[in-house]
Amino acid sequence: MDRGSKRETPPGPGAGHAAEPAEPGRVPLAVVVVDREGLVSHWSRGARRLFGVPREEAIGRTALDLLPVSGALTEGHDPAPWADDGLGPDLGSSLDGGLSYPAAGRARLAAPGRERADVLWWAYPLVGPGPERLLVLAADAEGLRPGDGTFERIAPGFALHTDFPGAEDLARRLPEILPSMSVGESARIVGQILELGYPVLEFSQNERVPVTPDWGVARRAERKARRERAARARAAGEPVPEELRDEAEDLEYAAVRERLEFLNEVSGRIGTSLDLSRTIIEVSKAVVPRFTDVAGTYLREQVVAGEGFAEGVPDTTTLWHRVAVEHTDEPGRWDDVVPVGEAMPFPAHTPFFQCMTTGEPVLVPRISEEMGHAIAAQFEKRDIRPLITGRSMLVVPLKARDVVLGFMILLRHPERPVFNDMDRVTGAELAARAGLVLDNARMYTFQENVAETLQDSMLPHIPPRMAGCDIATRYLPGTLLGRVGGDWFDAVKLHGGRTAFVVGDVMGHGLNSAAMMGQLRTAVQTMAGLDLPPAQLLRNLDDLAQRLGDTYLATCLYAVYDPIASELRLANAGHIPPVLVRAEDGRSELLDLPTGAPIGVGGVPFEEVRVRVEPGDRLVMCTDGLVEVRGEDIGVGLATLCESAAHPAASMDAACDTIIRSLNTHGGRKDDVALLMARLNGIEPDDVAEWRLALDAAEAGRARAVVREQLHDWGLAELAAPAELLVSELVTNAVRHAHARPVALRLVRGDTLLCEVDDDDHELPTLLSAGPLDDTGRGLRVVSTLAREWGTSRTGAGKTVWFELTLPRRRTPPESHAK
């Protein structure tokens, strides 16, 4: 509440405190909330006192029936004194949805059991996810009518009185009185009230709270006339008469206050998002048309790209991207001449270069023909002079931390007053605020790019097909601010045509969780390559996490699929169980695994479970972000996961998408989601051939013969020569180093030709550099040269050495042969 130059305690709300009388300077407020159907959804005690209707009778009724207002006060006043302030026609227009912006005014109210009352009202359209549409505050004007004529304008505020003993309590109580307001938002509002010293209550970051019109219309008209006389005297250069000097001072004060209100409004309209593109649009639209008619925004190339750049003064080689052009001219007039997205440097003789090198605003009251020609010279094959000549121009730098990020070119139509020194100051303050907002968005974009790069580098790129299985994956970040998380998945190729599947979830979010995830994922890959059993792998991973620190906690599910044995071996460390969808009947089930403790707890055993599978079965592994919703039982999400996983789909990717849609992952879930699905196709027995070889050097010849014969039977005669050579080398080494058990030789025909040689020696062979006179050391060099891939690993009985050869492309038979 403002009383001329006097500052008094703003009125406090009466909602919920109807019993106590109003104290001097404090007027109870009625609080009413109207939903999108026009029905009352909240009715405070103050509303009951003012309107005479109990809460139980008001809730659910049409607001227009309970608030039968009839426009403005008419006794002794202008019938529409607030029309000049743009505060809306009447309360009825707000109640029936006719107004989408905040409004305020005075009205006559017919309350039951009493005479028609004079009421001050404020209506605030509400935005947000809830059903509420309109907040109405009202107060009885009888207790506010001034006797000395100093009462001018009043707005609803919250005073620190007995109901609200302190700022902290006020911040706590606001959410109880006003809908859709968080404690954090209310704390910000309270801080603004206390800092500014007068009541300003926001319900939207994009709107100002309206105030009721002046009380004394006659006094208002008189003061307006006096101010106009003072303004004419000053404009003519004449001394302002003594009796008008106060009015001149008031005029200056009003102008300053208007500028401050404008800057406050702009500050509320920009920075609502950390998205750089949206912020740029907000900044451009905030100044048109109230401050200027045309606003062109230019940013450094690195700012647009979300990159860092070296500090220093820009020069004539610095590229500036035109990122937005907002104007009030006819549509399309600026689009062809100055298209958004164009990048260009600016010559040293232009006012733009002066602005960006000095970091100070540049004011051009009127763009002359000569200056218009100089500016237009930099636009090749385009004549920009008709758009700028004769207009007033203000160029303001967009700075943050003493670094020029860009600048705005502001133009006014010739018929509009030219920019003046006050506009220069206003523009500089506007640009300073906009520069900080843009810099925040730039830094967020930069950090987001870093986060995305880090996440992409840590998440594996798994091929859609591995030995005996097809794979599809999905990763969804929980929030924009949490694009880097601790969820991961992986598929690791093992010898024997097997594949290891892993899904893990590091507790927490952010770079620390992502870093831990990267360490654990690397450790899993390394230990999987050593062919550790699932339970032993989790045991080792748990030991590693404890050595890294006591804050390292994660859940992990590890599975090894053997397509030849048609078997899954699984172990679980505190993770949600996987789903197995049976190909035979489409039935899905959660696999019953011992849960185990999360990785990092320490001292807890892990158990392995073996599960028989059939070709076509599907394994679904995911993190809890997919199935867990705060406030709901996780069993509901797991049941939905089973149901959606069993749904028929045309492809693996389509099956993943079905699961994601069914669990509504895009609808408000805040945790990361990792999903891995594998279709277990198996390898047919006819595609596997095995032999046992005695510990005799002559067995190398037998190995060559059986391999040659098998490859001819499979129609792979082209691979016989290299396969024989490589098998001979491996069998020779195995026979030489084996101890007692026969050597095992196995060929597997799949996407590649796999050959494995097993023996009972635990010493892994190494690749050596053999000299011209050396008798040994050349075998593995031959294997490394000719094979597509090769490797070694320890087994429970000894070791395995294996290699793969690429299958030849199958030729399409001629048409005559195909008939």
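From a predicted model like this one, the values you see are computed outputs, not experimental measurements.
Met408 is listed as a side-chain neighbour of Leu398, based on a closest heavy-atom distance under 4.5 Å. A 4.5 Å side-chain heavy-atom check between Ile388 and Met393 finds every atom pair outside the cut-off. By the 4.5 Å heavy-atom criterion applied to side chains, Pro361 and Cys355 are not counted as neighbours.
In Glu370, the CD atom is not crowded: 12 or fewer heavy atoms of neighbouring residues, nucleotides or ligands sit closer than 6.0 Å.
In this structure, Phe407 has its ring center no closer than 6.0 Å to that of Phe353. Taking the six-membered ring where the residue is Trp, the centroids of Tyr298 and Phe346 are separated by under 6.0 Å.
No side-chain donor-acceptor contact under 3.5 Å links Arg412 to the backbone of Pro365. Judged by distance alone, with hydrogens and angles left aside, the side-chain atoms of Thr357 form a donor-acceptor pair with the main-chain N or O of Gln354 at under 3.5 Å. Not one N or O on the side chain of Arg322 forms a donor-acceptor pair closer than 3.5 Å with the backbone of Met344. Distance alone, capped at 3.5 Å, places no donor-acceptor pair between the Thr292 side chain and the Val288 backbone. One N or O on the side chain of Ser392 and one on the backbone of Phe419 form a donor-acceptor pair closer than 3.5 Å. Of the possible donor and acceptor atoms, none in the side chain of Asp421 sits under 3.5 Å from a partner among the backbone N and O of Arg424.
Salt bridge present: Asp329 and Arg391 bring a charged side-chain N and a carboxylate O closer than 4.0 Å.
Nearest approach of Trp320 to Pro314, heavy atoms of both residues: CZ2-CB, 3.6 Å.
Between atom OG1 of residue Thr426 and atom CG of residue Asn420 there is a gap of 8.0 Å, rounded to the nearest 0.5 Å. To the nearest 0.5 Å, atoms NZ (Lys399) and CD (Glu360) are separated by 5.0 Å.
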